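Predicted model only: the values in this text are computed from it and were never measured. Labels below follow one simple rule: chain letters A, B, ... track the order of the sequence lines, proteins then strands, and each chain is numbered from 1.
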Number of protein chains: 2
Amino acid sequence: MYTSSEENYLKAILKLSQKEDGPVSTGALAAEMQTTAPSVTDMLRRLSEKQLATYEKYYGVQLTAEGVRVATALVRRHRLWEVFLTQKLGFAWDAVHDMAEQLEHVQHPELVERLDAFLGYPRFDPHGDPIPDAKGQWPQRQRQLLSATAVGSPVVVVGVDDHSAAFLQYLDRTGIGLGAHLTILERIEYDHSLNVRLLEQNRDLTLSDKVAHSLFVEPARE
Amino acid sequence: MYTSSEENYLKAILKLSQKEDGPVSTGALAAEMQTTAPSVTDMLRRLSEKQLATYEKYYGVQLTAEGVRVATALVRRHRLWEVFLTQKLGFAWDAVHDMAEQLEHVQHPELVERLDAFLGYPRFDPHGDPIPDAKGQWPQRQRQLLSATAVGSPVVVVGVDDHSAAFLQYLDRTGIGLGAHLTILERIEYDHSLNVRLLEQNRDLTLSDKVAHSLFVEPARE
DNA sequence: ACCGTTTTTTAGGCAAGCCTAAAAAACAAA
DNA sequence: TTTGTTTTTTAGGCTTGCCTAAAAAACGGT
């Protein structure tokens, strides 16, 4: 139906418009897609012609309802494949992105749904990102950055905001994975670093401000 | 490394050169790829430049060792994905080809090997076609067409030579799948149709010459 | 060996998706 | 509001992979 390149642009536009509302700029898209501004302008024309987005010169781009539908389906496929790769094939969570990036473009009406069923209808991917359902609805979860969490309140790690292999491997080495229970013991005013207790390992450690800004948590429930 | 289009040509050349030896002609390739002769000539030049094939004008094309390696790896990926789709996702054997056609182009050094392990190292795909191993070795099996089988000798169905949905669905309706035990009761001289006994269902049926030419069997063992 | 037919290649063109360099518009700031 | 800077678009060009029409080579039969 649509080319891989078109699909990638749609996904990027969805991502950027979820970050902040209003139209997405050519420059932001070029950065996100690792390409040049003229290439973006080219593609925006095409997407506009195909009614996937509304594009106004010197203003920016927004997805149409159909554009949102296609982009959401892509995110769904991407994240389901990531679950498959980690849970069924045993890949590490820092290794699955590139494969999922290719697998998400495989076109077939039934494939996603069967895969979803095979995986047990997961609602979040290996990085804690929400997986939209077949109707395009996103699961909601009250999550916040660890950096915005109060000292003393116990939380569970439910996601990462930085998907880089470097950060994920740092977490692996440190023993912090999804589901880890943390409590902030102290916030250092000087550099905003945190002393936290990691319940699973019954030990304390220091997390930099940067790390605290890359971890999503939600209140721990008994 | 290589484009999907290049890979598809390599696979087609491998397929045609396995059917009969000597070089593959432009016309045969055009028919196999459902494209035109000039497009084939174009691509053969490119493959030749990349050392994947040796191409001589007005003579034909042959794969180099590297071309064989790439094409074999593709067949491996294609057939492993077909096993995945039928065994894990429950797709019918007449539905998996198009999906596997896309999945086979997903590039990743470890993916195939992990998939192979996950599937339990299958040696044949859902249609009974051999799956080359990681080193490019093909499993051997002494198989023959049902049409070439003697009256009276019990055989097992181990493959199909016609992969069309129409034929596969005919087999489903008739109750003949891989592993079915057949014995030819009588060969009708007039039209070469066969009266056979289907052991699983304990019933007799008539198979046309065309069907008998599309079924691979091997001698049944106790 | 010649001639008509078939096959293959050449020539030229098109769309997608990218690029660089240059022009134009928008923005910001004095 | 005018000017300098940043952002975006336009212009033109490239490769890949496809196409049709025309030319050239190979084939087959007498």
Looking only at the side chains, is there a donor atom on one of H163(A) and D129(A) sitting less than 3.5 Å from an acceptor on the other? yes

N/O (side chain, S25(B)) to phosphate O (OP1/OP2, dT7(C)) under 4.0 Å: no

Less than 4.0 angstrom between a side-chain N/O of S5(A) and OP1 or OP2 of dC18(C), yes or no? yes

Gap between atoms CG and C1', on L47(A) and dA16(C) respectively (whole Å): 12 Å

Nucleotides 19-24 of chain D: protein proximity per nucleotide (B base, S sugar-phosphate only, - neither; heavy atom, under 4.0 Å): BBB--B

Can you tell me how far P of dT16(D) sits from NE2 of H105(B), to the nearest Å? 18 Å

Within the structure shown, what part of the strands sits under 4.0 Å from Y59(A) by heavy-atom distance: base, sugar-phosphate, or nothing? nothing

Report yes if at least one side-chain N or O of R46(B) is closer than 4.0 Å to OP1 or OP2 of dT16(D); otherwise report no. no

Interatomic distance where CG belongs to N8(B) and P belongs to dC18(D) [whole Å]: 9 Å

Answer with yes or no whether the side chains of Q102(A) and Q102(B) bring together a donor and an acceptor at under 3.5 Å. no

Could you tell me the separation between the CE atom of M33(A) and the P atom of dC18(C), rounded to a whole number of Å? 7 Å

Before we go on, tell me: are the rings of H127(A) and F216(A) under 6.0 Å apart, centre to centre? no

Can a salt bridge be assigned to the pair K15(A) and E32(A) using a cut-off of 4.0 Å between side-chain N and carboxylate O? yes

Test item: side-chain donor near acceptor, Q107(B) and E7(B), under 3.5 Å: yes

Polar contact flag, side-chain donor to acceptor under 3.5 angstrom, H213(B)-D162(B): no

Whole-Å distance separating the CD atom of E7(A) from the C1' atom of dG17(C): 15 Å

Side-chain atoms of T26(A) come closest, of dG17(D), dT9(D), dT9(C), to dT9(D)

Could you give the CG-to-P distance, from L44(A) to dT8(D), as a whole number of Å? 10 Å

With heavy atoms under 4.0 Å as the rule, sort Y9(A) into base, sugar-phosphate or nothing. sugar-phosphate

Nucleotide dC19(C), atom P - distance to CE of M43(A) in whole Å: 11 Å

Nearest-angstrom distance from the residue atom CG of L52(B) to C1' of dT16(D): 15 Å

Is the distance from OP1 or OP2 of dT8(C) to the nearest side-chain N or O of T41(B) less than 4.0 Å? no

Can you tell me if S17(A) and Q62(A) form a side-chain donor-acceptor pair at under 3.5 Å? no

When you check the phosphate oxygens OP1 and OP2 of dA16(C), does a side-chain N or O of Y2(A) lie under 4.0 Å from one of them? no

